[in-house]
There are 2 protein chains.
Amino acid sequence: MPDQAMPSLSLGSELDFNNGDATYIKILDAGLAQFTEFGLRRTTMEDVASKAGVGRATAYRRFGDKHQLIQAVILRECQYQLGLIEAHLKTLDSPRDALLEAFVLAVTRAHVHPLLQRLLSSEPEDILPLLTLQWSRVIALFRVQLASQIRRAEEAGHVKVHDADQLAELMLRLMQSLVLSPDGLMNPADEASIRDMADRYLRPWLG
Amino acid sequence: MPDQAMPSLSLGSELDFNNGDATYIKILDAGLAQFTEFGLRRTTMEDVASKAGVGRATAYRRFGDKHQLIQAVILRECQYQLGLIEAHLKTLDSPRDALLEAFVLAVTRAHVHPLLQRLLSSEPEDILPLLTLQWSRVIALFRVQLASQIRRAEEAGHVKVHDADQLAELMLRLMQSLVLSPDGLMNPADEASIRDMADRYLRPWLG
DNA sequence: TTGGTACAACGACACGGTATTTGTTCGATT
DNA sequence: AATCGAACAAATACCGTGTCGTTGTACCAA
């Protein structure tokens, strides 16, 4: 009965409980699948449990309640996507290019992310307040990640910024706007247009 | 029975109908007052009409229906606020400073605007989709205004930009984010922090 | 530790019936 | 010519009711 949802990243330290972690991950996978297909409100714990092949009580034992399960699914997905982006950046030499490419990838990937788009189109009244009025609670994870990435590049002498946290917040605000309002001159569906934008307007910020 | 709501700016050409325009403006004023105090949904046409001191039928005769009245009130308020900002900018010498100051004023004024804040707090499910998913329909007015302002400054040789429309959209996206998500390192309630931000990150865009 | 069941509490939902609001029309009034 | 006040049907919001599904917890056998 974990107090906070355990992300899949902490799996490495408990490879012994292979069986236990297996059900844990099965439930998270089932939750992601069902939430993506039917939305948060219309999927029941029964749906998730049966899809995961476990009893409903087991899901409650692992995640406490539905809301914590939702948080765990979303948190794991965020970390997974961050991991994908980070992995892709390993192929780049310049840390400056890496920061800009992270921006581009985050925007374009979010724009085609099944769960995010599902919730935006079928339950906007639930998710829009979260991604705007209360967005500081949501992006905390992303901002510290991005800010530390900026600081690392700065200490290595590759970029020069005034305030890494401020810059990270600005980049995240632009991501927020592009994802929530895709219809404009820069289109998240067109990776090239986003990359051009980042190159022209964000690169100067990196000193 | 005007097809589209007539903004107050077209008043100049019809000063003859002083009496008619007076009721027109009285209804708009009453609408603004009631919408601000009770929200869009909870104010009735009866409320607006009686507050304006006219019959309910007159309000319908002038604006068609409630939705068109709402649009007219909001449109007039947007134009009024734009006018206020433009008037304030007349006091500045540098067109470059004027553009940045317009950004600062727009953000800080929107953050304390009674109607906008009222709708954000009491009817977010109605207004958030409008200001995000369908925001391109809303900001058309602002973008052409801002882009033409940028172009004017550019033709006068005061700034040098790559694409005035693109730049205008970027500035508007940052305004959108700051207004909809005020909680962050830059706070719209603190004019100085917004001005610092504009100075540091937006000024380089102006060439 | 799991699965299955039983359970109370809660919220969503469907239903009628009522009241309000909307949008239109008309005649009287200025 | 435009306004007001009134009347009107239609649409919509509201309310009380009951039903159903879901949630979250507890228990016991495996």
Side-chain angles (χ1 to χ4, degrees), chain A residues 1-6 11 14-31 34-35 37-73 119 122-127, chain B residues 1-6 11 14-31 33-35 37-73 122-123 125-126:
Chain A
M1 185 187 71
D3 294 343
Q4 74 290 3
M6 184 189 307
L11 177 150
E14 309 188 20
L15 273 179
D16 306 342
F17 301 82
N18 208 328
N19 196 11
D21 275 331
T23 71
Y24 206 97
I25 293 177
K26 276 196 305 184
I27 297 173
L28 284 175
D29 289 341
Q34 298 298 91
F35 291 148
E37 185 158 13
F38 302 111
L40 301 182
R41 183 165 296 161
R42 295 177 186 278
T43 62
T44 69
M45 292 296 270
E46 174 67 31
D47 292 337
V48 176
S50 67
K51 175 109 182 179
V54 302
R56 193 167 61 92
T58 302
Y60 278 103
R61 265 190 285 268
R62 297 303 191 108
F63 293 94
D65 60 14
K66 184 179 178 179
H67 190 252
Q68 290 186 29
L69 171 63
I70 293 175
Q71 282 193 312
V73 168
L119 299 184
S122 90
E123 296 175 4
E125 69 281 3
D126 288 338
I127 194 155
Chain B
M1 186 187 76
D3 295 342
Q4 75 288 3
M6 184 189 307
L11 177 149
E14 309 188 21
L15 272 179
D16 305 343
F17 302 83
N18 207 329
N19 195 11
D21 275 330
T23 71
Y24 206 97
I25 294 177
K26 277 196 304 184
I27 297 175
L28 285 175
D29 289 341
Q34 298 298 88
F35 292 149
E37 185 159 14
F38 302 110
L40 301 181
R41 183 166 296 161
R42 295 176 186 278
T43 63
T44 69
M45 291 296 270
E46 174 67 32
D47 293 337
V48 176
S50 67
K51 175 112 184 175
V54 302
R56 195 166 57 91
T58 302
Y60 279 104
R61 216 171 284 121
R62 297 304 191 104
F63 294 94
D65 60 15
K66 183 178 176 179
H67 190 252
Q68 290 186 32
L69 171 62
I70 292 175
Q71 283 193 311
V73 169
S122 89
E123 296 175 3
E125 69 281 3
D126 288 338

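Residue numbering restarts at 1 for every chain, and letters A, B, ... go by the order of the sequence lines.
Residue Lys26(A) holds its NZ atom at 6.5 Å from OG1 of Thr23(A), rounded to the nearest 0.5 Å. Expressed to the nearest 0.5 Å, how far CZ of Arg62(A) lies from CD1 of Ile27(A) amounts to 6.0 Å. A distance of 12.5 Å separates CD in Glu123(A) from CZ in Phe38(A), rounded to the nearest 0.5 Å.
Residues passing the side-chain contact (heavy atoms from CB on, under 4.5 Å) test with Ser122(A), sequence neighbours excluded: Arg118(A). Take Ser50(A) and apply the side chain to side chain donor-acceptor pair (under 3.5 Å) test, not counting sequence neighbours, and it matches no residue. When the side-chain contact (heavy atoms from CB on, under 4.5 Å) test is applied to Ala30(B), the partners found at least two apart in sequence or on another chain are Val48(B), Lys51(B), Ala52(B). For Asp65(A), the salt bridge (charged side-chain N to carboxylate O under 4.0 Å, His left out) test picks out no residue, with sequence neighbours left out. Judged as a side chain to side chain donor-acceptor pair (under 3.5 Å), and not counting sequence neighbours, the contacts of Arg41(B) are Asp126(B).
dG23(C) atom P lies 14 Å from atom CZ of Phe63(B), rounded to whole Å. Taking atom CZ of residue Arg62(A) and atom C1' of nucleotide dG3(C), one finds them 14 Å apart after rounding to whole Å. Separating the CG atom of Leu40(A) from the P atom of dA12(C) is a distance of 14 Å, rounded to the nearest angstrom. Atom CG in Asp47(A) sits about 14 Å away from atom P in dG21(D), given to the nearest Å.
Taken over five-pair windows at either terminus, the axes of the helix from dT1(C)-dA30(D) to dT30(C)-dA1(D) are inclined to one another by 40° (rounded to 10 degrees).
Comparing dG3(C), dC4(D), dT2(C) against the side chain of Val54(A) picks out dG3(C) as the nearest.
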Dump the pairs, protein N or O against N or O of nucleotides 23-30 of chain D, anything under 3.5 Å, distances to one decimal.
{"residue": "dT23(D)", "atom": "OP1", "partner": "Met45(A)", "partner atom": "N", "Å": "3.4"}
{"residue": "dT23(D)", "atom": "OP2", "partner": "Met45(A)", "partner atom": "N", "Å": "3.2"}
{"residue": "dG24(D)", "atom": "OP2", "partner": "Tyr60(A)", "partner atom": "OH", "Å": "3.3"}
{"residue": "dG24(D)", "atom": "OP2", "partner": "Lys66(A)", "partner atom": "N", "Å": "3.1"}
{"residue": "dG24(D)", "atom": "N7", "partner": "Arg56(A)", "partner atom": "NH1", "Å": "3.1"}
{"residue": "dG24(D)", "atom": "O6", "partner": "Arg56(A)", "partner atom": "NH2", "Å": "3.0"}

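The shortest distance between the side-chain N/O atoms of Thr58(A) and the OP1/OP2 oxygens of dT2(C) is not below 4.0 Å.
Place Arg42(A) and Gly55(A) on DNA chain C by their nearest nucleotides, and Gly55(A) ends up nearer the 5' end.
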